Engineer: 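So that we are looking at the same thing, I have put the structure below in C-alpha cells.
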Amino acid sequence: MTLSMKDRILKRFLQAPGEPISGQALAEELGISRTAVWKHLQTLQEEGYTFETLKKKGYLLTNKLDKVDAASIASFLSTNRFGHTIHYLEECDSTQIIAHELAQNGAMDGTVVIAESQIRGKGRMSRPWESTKGKGIWMTVIIKPDVLPHQAPQFTLVAAVAIVNAIKSQCKNFTPTIKWPNDILINGRKCTGILTEMIAEVDRVQALLIGIGINVNQQRKDFPEELHSIATSLSIEEEGQLNRAELVAEILNNLEHYCDQYVSEGFSPIKKLWEEASGTIGKSIKATTLTEVIEGKAIGITEGGVLEIQLGNGDIKQIYSADIELK
C-alpha cells in the first residue's frame with residue numbers, strides 16, 4: 001500500500017482507538033527516528049488532529065476528523081489492490097479528469113482519486129453534479145480488467161451492486177435500490193450517481209474510470225429547494241451521521257470482489273444481484289433516448305446489461321442508453 005510516512009502514522013492511531021502509542025514504538029516499527037515521528041505528529045496537528053502526551057505511555061489521538069484521506073480509508077480496507085494508491089485532494093475540478101490523466105500515465109489497477117469537494121463534478125451526458133464539501137463521497141476508481149471494449153458498460157452495473165451492498169452494510173433504516181443504468185435511489189430520491197468512462201484501443205480496454213458520487217452526510221439545507229423532492233442523502237434517510245472513510249473502504253472491498261468475479265465468472269452472477277437490487281424491473285417506465293420516447297414495462301436486463309422493455313403490444317424493445325422515469 002502506497003502511504004506516506006505521515007499517513008502510516010495516522011493509520012496506526014486510527015486502528016488503535018483510545019490506546020496510547022509510544023513514540024519509540026512507532027519509530028522502531030516504521031524505521032525512522034523519534035524526532036521524525038514527532039515532526040509528523042506536528043504536521044497532523046496542523047491538519048486538525050489532536051494528540052495528548054501521556055507520561056511513560058506515549059501519544060493518544062483525542063479526536064477523529066471526518067476526512068476521506070488515504071490513512072482514514074486504509075484503516076478499514078481489506079483489498080488486494082483497490083485503494084492501495086489513493087490520491088486525496090481537498091478540492092479539485094473533477095476526480096474524473098485527474099483519473100484520466102493518471103490512467104494514461106500508467107496508474108495501477110485500483111488507483112483511487114478522491115476529493116472533499118469538486119468544482120466541476122459531472123454526471124452522465126456531462127450534466128453538473130453538486131459536490132458539497134466534506135459531506136459526500138466524490139471519487140473515481142481506475143480499474144484495468146482484462147475485457148473487451150463492448151463489455152465496458154457492464155461495469156456501471158458491477159459498480160452499482162458494489163455500492164448498494166456497501167450502503168446496506170452501513171445503513172439499517174432503509175433499503176437502497178438501483179435505477180438503470182447508473183443511479184441509486186432511496187425511497188424514490190437519488191443519492192448516488194455512477195459514471196463509467198473508457199480509455200481503449202480497438203480490441204482492448206486500457207482502463208475504465210468509474211466515477212462515484214454519493215450524498216452521504218448532507219442535510220436538507222445542503223440541497224437547493226428545487227432538489228428536495230428528487231435528491232436525498234444517506235444521513236437524512238438513516239437519521240444519523242456516517243463514517244465516510246469506512247463507507248469508501250467498503251465500496252472498494254466490494255468493487256474489487258465483484259470486478260474479479262465478473263472477469264472470472266462472467267456477467268451472470270452480477271446480473272442476478274443487480275436485478276435483486278433493482279427498483280426498475282417490473283415497473284412501468286418512460287425511457288427517453290436521443291431519438292424517441294418509449295413507454296412500457298421494464299422486464300429485465302440482458303447478459304450484456306441492456307434494459308428490456310415490454311411494450312403495450314407485447315413486443316420487447318432493448319434500450320442501450322436512456323433517461324428512465326418511473327410512471
Side-chain angles (χ1 to χ4, degrees), residues 65-69 72-73 76 88-96 99 112-141 156 159-196 210-252 254-255 277-280 323-326:
L65 300 181
D66 179 24
K67 284 191 169 188
V68 286
D69 55 21
S72 300
I73 295 167
F76 296 104
Y88 167 76
L89 303 132
E90 284 285 340
E91 184 176 88
C92 68
D93 277 356
S94 163
T95 60
Q96 206 78 352
V112 175
V113 181
I114 191 163
E116 295 293 350
S117 70
Q118 298 180 110
I119 299 168
R120 285 192 280 274
K122 63 175 182 173
R124 278 176 74 236
M125 302 177 186
S126 296
R127 292 177 180 135
W129 178 277
E130 184 65 39
S131 308
T132 315
K133 185 176 179 66
K135 298 285 184 78
I137 292 170
W138 325 120
M139 72 173 175
T140 301
V141 186
T156 298
V161 169
I163 296 164
V164 158
N165 286 325
I167 291 172
K168 284 180 178 177
S169 75
Q170 305 295 309
C171 300
K172 306 305 175 191
N173 290 348
F174 61 85
T175 301
T177 60
I178 305 170
K179 177 187 168 189
W180 186 90
N182 70 324
D183 292 342
I184 293 171
L185 310 182
I186 307 169
N187 300 320
R189 291 195 291 272
K190 182 172 176 175
C191 71
T192 301
I194 305 163
L195 174 65
T196 301
I210 300 185
I212 299 168
I214 307 177
N215 298 329
V216 182
N217 285 327
Q218 290 97 327
Q219 300 307 306
R220 282 265 170 259
K221 62 181 173 55
D222 293 314
F223 294 110
E225 200 163 319
E226 63 269 20
L227 295 183
H228 284 190
S229 62
I230 58 173
T232 191
S233 74
L234 304 184
S235 178
I236 290 169
E237 305 298 332
E238 186 68 4
E239 299 179 347
Q241 294 284 106
L242 278 82
N243 184 323
R244 292 182 299 140
E246 186 173 2
L247 180 56
V248 169
E250 192 61 26
I251 291 168
L252 295 173
N254 287 351
L255 190 59
S278 173
T280 306
D323 278 340
I324 300 296
E325 188 181 326
L326 299 179

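Note that the structure is predicted; figures quoted are calculated from it, not measured.
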Engineer: Could you tell me whether the side chain of T280 reaches within less than 4.5 Å of the side chain of T177, counting heavy atoms only?
Structural biologist: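 Answer no - side chains too far apart.
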Engineer: Taking C-beta and beyond as the side chain, do I114 and I73 meet within less than 4.5 Å on heavy atoms?
Structural biologist: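 Side-chain contact under 4.5 Å: yes.
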Engineer: For a side-chain contact (heavy atoms from CB on, under 4.5 Å) with I184, tell me which candidate from I214, I212, L234, I163 qualifies.
Structural biologist: I163
Engineer: Of the non-hydrogen atoms in F76 and A249, which two are nearest, and what is the gap between them?
Structural biologist: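 Heavy atoms of F76 and A249 come nearest at CB-CB, 3.5 Å.
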Engineer: Among residues at least two apart in sequence or on other chains, which ones pass side chain to side chain contact (heavy atoms under 4.5 Å, CB included) with D69?
Structural biologist: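 Listed in chain order: L10, Y49, K67, A71, S72, Y88.
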Engineer: To the nearest 0.5 angstrom, please state how far the CE atom of M139 sits from the CD atom of Q96.
Structural biologist: 11.5 Å
Engineer: Does a side-chain heavy-atom distance below 4.5 Å link K190 with L185?
Structural biologist: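 K190 vs L185: side chains touch.
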Engineer: Under 4.5 Å between any side-chain heavy atoms of L242 and N217, yes or no?
Structural biologist: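 L242 reaches N217 side chain to side chain.
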Engineer: Identify, with sequence neighbours excluded, every residue that meets salt bridge (charged side-chain N to carboxylate O under 4.0 Å, His left out) alongside K179.
Structural biologist: none
Engineer: I'd like to know whether I210 forms a side-chain contact (heavy atoms from CB on, under 4.5 Å) with I194, so could you lay out the CA-CA distance, the side-chain angles of the two residues, the decisive distance to 0.1 Å, and finally the verdict.
Structural biologist: CA-CA 7 Å; I210 300 185; I194 305 163; 4.1 Å; yes
Engineer: Of all residues at least two apart in sequence or in a different chain, which pass the side chain to side chain contact (heavy atoms under 4.5 Å, CB included) check with N187?
Structural biologist: E237
Engineer: What residues, two or more places apart in sequence or in another chain, satisfy side chain to side chain contact (heavy atoms under 4.5 Å, CB included) together with L89?
Structural biologist: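 For L89, the residues satisfying side chain to side chain contact (heavy atoms under 4.5 Å, CB included) (neighbours in sequence not counted) are C92, I98, V113, A115.
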Engineer: In Å and rounded to the nearest 0.5 Å, what is the NZ to CD distance from K133 to E91?
Structural biologist: 6.0 Å
Engineer: With rounding to the nearest 0.5 Å, note down the distance linking CD1 in I236 to CG in N173.
Structural biologist: 13.5 Å
Engineer: Quick check: does any side chain N or O of Q218 sit under 3.5 Å from a backbone N or O of V216, one acting as donor and the other as acceptor?
Structural biologist: yes
Engineer: Just verifying a value: how many Å separate R189 CZ and D183 CG, rounded to the nearest 0.5 Å?
Structural biologist: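 One finds 14.5 Å between CZ of R189 and CG of D183.
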Engineer: Side chains of N215 and T232: does their closest heavy-atom pair fall under 4.5 Å?
Structural biologist: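 No, their side chains stay 4.5 Å or more apart.
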Engineer: Check the surroundings of atom CD in E226: do more than 12 heavy atoms from other residues, nucleotides or ligands lie under 6.0 Å from it?
Structural biologist: yes
Engineer: Would you find a donor on one side and an acceptor on the other, under 3.5 Å apart, between the side chain of R244 and the backbone of I137?
Structural biologist: no
Engineer: Heavy-atom distance under 4.5 Å between the side chains of E238 and K172, does that happen here?
Structural biologist: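 E238 reaches K172 side chain to side chain.
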Engineer: Any side-chain heavy atom of I167 sitting closer than 4.5 Å to one from T192?
Structural biologist: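 Yes - at least one pair of side-chain heavy atoms lies under 4.5 Å apart.
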Engineer: Going by side chain to side chain donor-acceptor pair (under 3.5 Å), name the residues that satisfy it together with Q219, two or more places apart in sequence or in a different chain.
Structural biologist: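 Partners of Q219 under the side chain to side chain donor-acceptor pair (under 3.5 Å) test: S235.
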Engineer: Which residues pass the side chain to side chain contact (heavy atoms under 4.5 Å, CB included) test with A166, sequence neighbours left out?
Structural biologist: L247, E250, I251, N254
Engineer: Which residues pass the side chain to side chain donor-acceptor pair (under 3.5 Å) test with T196, sequence neighbours left out?
Structural biologist: T156
Engineer: Of all the heavy-atom pairs spanning A159 and L255, show the shortest one and how long it is.
Structural biologist: CA-CD1, 3.8 Å
Engineer: Counting distance only, does the side-chain N/O of E116 pair as donor-acceptor with the main-chain N or O of V68 below 3.5 Å?
Structural biologist: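 Side chain of E116 to backbone of V68, a donor-acceptor pair under 3.5 Å: yes, one is there.
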